[in-house]
Amino acid sequence: MNVRPPMALLAAPLAVIVLFGGRATAEAPGFSAPVGIQPVLDQVDQDRMRADLKFLSDDLFEGRGTGQRGGELAARYLETRFRLLGLKPGASPTSWLQEVPLVGVESLPDSRLEIEAGGKRFVPERLVDYVGCSETQKETSDLDAPVIFVGYGIVAPEQRWDDFKETDVRGKVLLMLVNDPPSEDPSFFGGKALTYYGRWTYKYESAARAGAAGAILIHTDASAGYGWNVVKNSWGRERPYPALEPGAHPLGLASWISERFARQILTASGQDFETLREAAGRRDFRPRPLTMKVKANLRQKVRPITTWNVLGLLPGSDPKLLPEAVVFTAHYDHLGVGPAENGDAIYNGAADNASGVSALLETARLFTALPRAPRRSILFMACAAEESGLRGSEYYAKHPVVPLDRTAAALNMDGLAVDGAPRDYTFLGAERSSLKDLVRDASRVLDFDVIPDPHPDQGSFFRSDQFNFARAGVPAMSIDPGVNYKGKPAGWGETAWKEYEQKRYHRPTDAYDEGFDLSGMRDTVRIALYLGWRIAETETPPTLNPGDEFAPSRKPGSVPPR
C-alpha cells in the first residue's frame, strides 16, 4: 500500500537560502561545488566510520543475522545512532523502525533427498552435493516427481525466447541452468552482462509460475559468478521468506546441486551435460524429459521472524518539494552464525556490509551539518534481510513511507572499498536514467573517473537493495568502487577483488582488520553527499530513460511488479 508521508514526519521547513555559487574545489580546479555543501565535503571523518565499522563487525553482533540476536542488536544500535544525529522518525510519526514480517525456514539434517537416474539411485550429501528447502513453509514436505530439463527456464517475449514451448511442466521438477543464454551481443540478454532472467531468483519464480513441483539449479562457478562455498554458506542455514499470499504456488523443492553431482546424474540418465548446455543456448531448444525422478522428504524448522528496516528522516526545506525524498540505502544484515570454517562460525560481514552502513551513518551526519536542509527530504534506510533475497527493501517498496512516485532517486552503498582509495567508480543502474548526467557532473567536481561495471557477468545491479526501487520505477543506482586504485600498480584492484571473492565473500573471513584503509570510504561518502544534494536541490527529479524496462512502473500509486 502506498501512503503519503505523515505530515508529522516532515518538520516545518527552514527558510530557503540560496547557497549555490562558487569557488573551485581543491580536487578539481576550475570546477565548483555548491558553496553550501563544500564545507561538509571536507569534513568526512574516517575515524567515525572506522569506529562504526569495527563495532558492527565485532563478534558481539554475531554476524547480524536476520532473525538472530545480533541482527536485532544492530537494528537497535542504528536506531540509536539516527536519534543521536537528530534525524526524525522515518517509519512512522513516532518510530524509526519499520517492521518487516518474515517466515524463517531451515532445512533440517534429517531431510532426505534421493534421485533415481537411469535405474541408479543417488543420495546426495547435504551441503556437499546439494542445498535446498521447501517453499511451502510447512514443517514436512514430501515430493515424488519426474524431472524435465528446461534449459535456462526463461520466457522473454522481447528476445523471442521461450524455454517452455507450451510444454506442460505442472507437477514436475525442473532442472535448470543458471545465468542467461551465452552471447557477445549486448542486445541479446545483455551480452556478457547478466540480466534478471539469469538470476537464481528469477529461475524459482519462473518455475512457480509454470506450476512446477520444484526446481533444481545446476551450479557452476562461471555461471553463478561465485563458488559452491557461497551457495553452501547462504543456504545451509535458516532462510527468511515473506509470508505466502493467497493463491500462491510455492515450490515443494527449491534446490541447487553442484556441477560434479549434476554431471553424475545426467550421465546415469543417458545425457551429456555439455550437449544439454549447448542445446539450451539456442532459440529452438525444447524441454527434455529425463529418465530421472526426485523423491524427497524435507523436514524443516519453520518460525515467524520479525526484523526491521531502520529509517531516519531529514525533512526538506522547500515547502513544495518537502513531500518528495531522496533515499539512501545500505543493508545492515549479514549471514549471522552459520557453518563453521576453520573453527569460526560467525560471519561478521565487515566489508559486506558494515562498510556501507558506516558510510550511510557518516553521510547522514554530514547532511545534518549543512547550513540548511536540502529542498527535498532525505530518507536514510538501513535495510534488513538483504542477504536473504533483498527482503527488507522489497517490503519497503510495497509499503513505502514516501510514495514511490514522490521518491526522486535511491542511492545504495554496499561492499565499499576498505583497502584504499579507488581512482574510478561504477554506478550500477545510473545508465538507466538521467542519474548518469549527475554522475558525470560529480566526477568533474570531485575528480574521479566513471567506468562501466567491470564485472557485468556478476549481475550486481540485481543483487542489492537499489534493485527493488528500480523495478518499482524509481531512478536508482549503487555506488561501487572501481578497479584502479590511487598509489597502487595497474591490475592491483582486480587482483584484490578476486582475492576477496574467493577467500572472504560470504565467509567468516570477512572480518574487521585494523589495517583497513578507509580513504575509499571517505571518497564514497563525498560522492554520495554531492549526488544526494544535487538530486534534492534540482527542481525536476531524475527521469528514467524512454523505453527502460521499468519505466511503466513509474506512475502515481505505483508498486513493484510481481
Side-chain angles (χ1 to χ4, degrees), residues 49-75 77-78 104 106-109 125-131 133 219 221 224-240 256 258 301 305 307 330-358 382-389 391 414-419 458 460 463-464 481 495-518 521:
M49 289 193 290
R50 182 175 295 276
D52 284 320
L53 174 56
K54 182 176 182 179
F55 188 49
L56 286 166
S57 55
D58 191 90
D59 281 357
L60 171 71
F61 285 90
E62 300 172 346
R64 307 186 304 280
T66 298
Q68 298 180 9
R69 173 180 174 272
E72 180 171 353
L73 283 176
Y77 173 71
L78 294 169
E106 182 179 3
S107 181
L108 299 177
E125 183 179 353
R126 181 174 172 269
L127 302 183
V128 176
D129 299 313
Y130 88 99
V131 295
C133 66
H219 171 273
D221 289 2
Y226 39 75
W228 178 256
N229 66 286
V230 174
V231 179
K232 177 189 72 174
N233 291 342
S234 297
W235 286 73
R237 64 183 72 226
E238 180 180 69
R239 293 188 60 78
W256 292 74
S258 70
K301 178 182 177 182
I305 289 175
T307 186
H331 76 89
Y332 68 86
D333 67 298
H334 198 55
L335 300 182
V337 178
E341 292 188 2
N342 299 318
D344 188 356
I346 298 178
Y347 291 66
N348 302 90
D352 184 15
N353 184 36
S355 67
V357 174
S358 303
C383 301
E386 188 266 3
E387 302 289 8
S388 305
R391 302 301 187 192
D414 186 2
L416 305 187
V418 294
D419 44 12
Q458 297 282 307
S460 298
R463 291 167 56 182
S464 197
T495 300
W497 177 80
K498 289 180 179 177
E499 191 271 343
Y500 173 77
E501 286 285 304
Q502 294 168 4
K503 297 182 179 180
R504 298 198 299 281
Y505 176 63
H506 283 196
R507 307 183 82 159
T509 44
D510 184 7
Y512 176 77
D513 188 327
E514 288 290 350
F516 281 166
D517 178 351
L518 305 190
M521 287 178 55

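Starting from 1, each residue takes its place in the sequence as its number.
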Worksheet item: For T509 and Y347, what are the C-alpha separation, side-chain angles and deciding distance, and is it a side chain to side chain donor-acceptor pair (under 3.5 Å)?
Response: CA-CA 7 Å; T509 44; Y347 291 66; over 6 Å; no

Worksheet entry | R504 side chain vs A511 backbone, donor-acceptor pair below 3.5 Å | no

Item to complete: For residues A496 and D419, report the shortest heavy-atom separation together with the two atoms involved.
Response: CB-OD2, 4.1 Å

Worksheet item: So which heavy atom on L53 is nearest to which on Y512, and how close?
Response: CG-CD1, 4.1 Å

Worksheet entry | Where G227 and D221 come nearest, the two heavy atoms and their spacing | CA-OD1, 3.4 Å

Discussion item. Quick check against the 3.5 Å criterion: does R126 have a side-chain atom that pairs as donor or acceptor with the backbone of S107?
Written reply: yes

Fill in: R64 side-chain N/O to G70 backbone N/O, donor-acceptor pair under 3.5 Å
no

Worksheet item: Quick check, are the ring centers of F55 and F61 under 6.0 angstrom apart?
Response: yes

Discussion item. On a heavy-atom basis, which atom in T66 and which in P240 lie closest, and how many Å separate them?
Written reply: CG2-CG, 3.8 Å

Discussion item. Go through it in stages, so that I can follow the logic: the residues are E387 and H331, the test is side-chain contact (heavy atoms from CB on, under 4.5 Å), and I'd like the CA-CA distance, side-chain angles, deciding distance and then a yes or no.
Written reply: CA-CA 8 Å; E387 302 289 8; H331 76 89; 3.3 Å; yes

Fill in: Flag, side chain of H334 to backbone of D352, donor-acceptor distance under 3.5 Å
yes

Discussion item. Can a donor-acceptor pair be found, under 3.5 Å and without considering hydrogens, that links the side chain of N353 to the backbone of G415?
Written reply: yes

Worksheet entry | V357 vs D52, side-chain contact (heavy atoms from CB on, under 4.5 Å): CA-CA, chis, key distance, verdict | CA-CA 8 Å; V357 174; D52 284 320; over 6 Å; no

Worksheet item: Going by heavy atoms in the side chains, are Y332 and T307 under 4.5 Å from each other?
Response: yes

Worksheet entry | Option among L73, N348, V337 that satisfies the side-chain contact (heavy atoms from CB on, under 4.5 Å) test with E62 | V337

Response to the item:
Here the gap from C133 atom SG to E238 atom CD, rounded to the nearest 0.5 Å, amounts to 11.0 Å

Worksheet item: Hey, are H506 and N229 close enough side-chain-wise for a donor-acceptor pair under 3.5 Å?
Response: no

Discussion item. Main chain of L416, side chain of S355: is a donor-acceptor contact present, judged purely on distance under 3.5 Å?
Written reply: yes

Discussion item. Using modelled atom types and a 3.5 Å cut-off, is there a donor and acceptor pairing between side-chain atoms of W228 and backbone atoms of L127?
Written reply: yes

Worksheet item: Hey, is the main chain of E386 close enough, under 3.5 Å, to the side chain of D333 for a donor-acceptor pair?
Response: yes

Worksheet entry | Interatomic distance, M521 atom CE to S358 atom OG [nearest 0.5 angstrom] | 5.0 Å

Worksheet item: Does one side chain, of D510 or Y500, offer a donor that lies under 3.5 Å from an acceptor on the other?
Response: yes

Worksheet entry | Electrostatic pair E341-R507, nearest N-O below 4.0 angstrom | yes

Worksheet item: Out of curiosity, K232 NZ to H219 NE2, how far, rounded to the nearest 0.5 Å?
Response: 12.0 Å

Fill in: Side chain R50, main chain F516, donor-acceptor under 3.5 Å
yes

Discussion item. What verdict does the side-chain contact (heavy atoms from CB on, under 4.5 Å) test give for W256 and W235, after you've listed the backbone C-alpha separation in whole Å, the side-chain angles of each residue and the deciding distance to 0.1 Å?
Written reply: CA-CA 9 Å; W256 292 74; W235 286 73; 3.6 Å; yes

Worksheet entry | Taking every non-hydrogen atom, the tightest pair across R391 and S388 | NE-O, 3.1 Å

Practice prompt. Measure across I346 and G63 and return the closest heavy-atom pair with its distance rounded to 0.1 Å.
Written response: CG2-N, 3.6 Å

Worksheet item: Would you say the side chains of D414 and S464 form a donor-acceptor pair under 3.5 Å?
Response: yes

Worksheet entry | Check against side-chain contact (heavy atoms from CB on, under 4.5 Å), Q458 and R463 | CA-CA 9 Å; Q458 297 282 307; R463 291 167 56 182; 3.4 Å; yes

